[in-house]
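See structure below.
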Amino acid sequence: ANCAGCHGAQAQGGVGPALNTATGPGSWMIAQFQAAVREGHAPDRELGPVMPRFTTAQISDEDLTDIYAYLKSLVK
C-alpha cells in the first residue's frame, strides 16, 4: 500500500522507478534495501526527497523483509 502508489502495483514503475528490474532493489542485499527504505541510501546513490523514509512504526522489520522477498521474486 505504501509503495504501489509511486512504484506501481507490480513494481513496474510510475511516478517512482520500476523496482522489478535486474539492477533494482531485488538485486541488492537486504541491508542495502533496508538502508534505502529507512534512510534513503541506495547502494549507488542518495534517493531523492520525494522517496519517503519509513520508520519501524510505519513498516515493521518483518514487513520490510517480506517486501524485499517479493521484489526478489519479481526480478527477471
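All values below come from the heavy atoms of this structure, side chains included, with hydrogens, waters and symmetry mates left out. Small disclaimer: the values here were computed from a predicted structure and weren't measured.
By the 4.5 Å heavy-atom criterion applied to side chains, Leu71 and Phe33 are counted as neighbours. Thr56 has its side chain within reach of Arg38: a pair of non-hydrogen atoms, C-beta onward, lies under 4.5 Å apart. Using a 4.5 Å heavy-atom threshold, the side chains of Leu64 and Gln34 count as touching. Using a 4.5 Å heavy-atom cutoff, the side chains of His41 and Leu47 are not in contact.
Shortest non-hydrogen contact noted between Val75 and Ala22 is CG1-CA, 3.8 Å. A pairwise comparison of heavy atoms in Phe54 and Met51 identifies CE1-CE, 4.4 Å as the closest pair. Closest heavy-atom contact between Tyr68 and Pro25: CE1-O, 3.7 Å. What you find for Trp28 and Ala42 is that their closest heavy atoms are CH2-CB, 3.9 Å. Across all their heavy atoms, Glu46 and Glu39 have their closest contact at OE2-O, 4.0 Å. In terms of heavy-atom proximity, Leu74 sits nearest to Gln10 at CD1-O, 3.7 Å.
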Checklist entry - Would Ile67 and Asn2 satisfy side-chain contact (heavy atoms from CB on, under 4.5 Å), going step by step from the backbone distance to the final call? => result CA-CA 11 Å; Ile67 294 165; Asn2 292 311; over 6 Å; no

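Note: Cys6 SG to Leu19 CG = 10.0 Å, rounded to the nearest 0.5 Å. In this structure, NZ on Lys72 lies 9.0 Å from CD1 on Ile30, to the nearest 0.5 angstrom.
Side chain of His7 to backbone of Gln12: no donor-acceptor contact under 3.5 angstrom is found.
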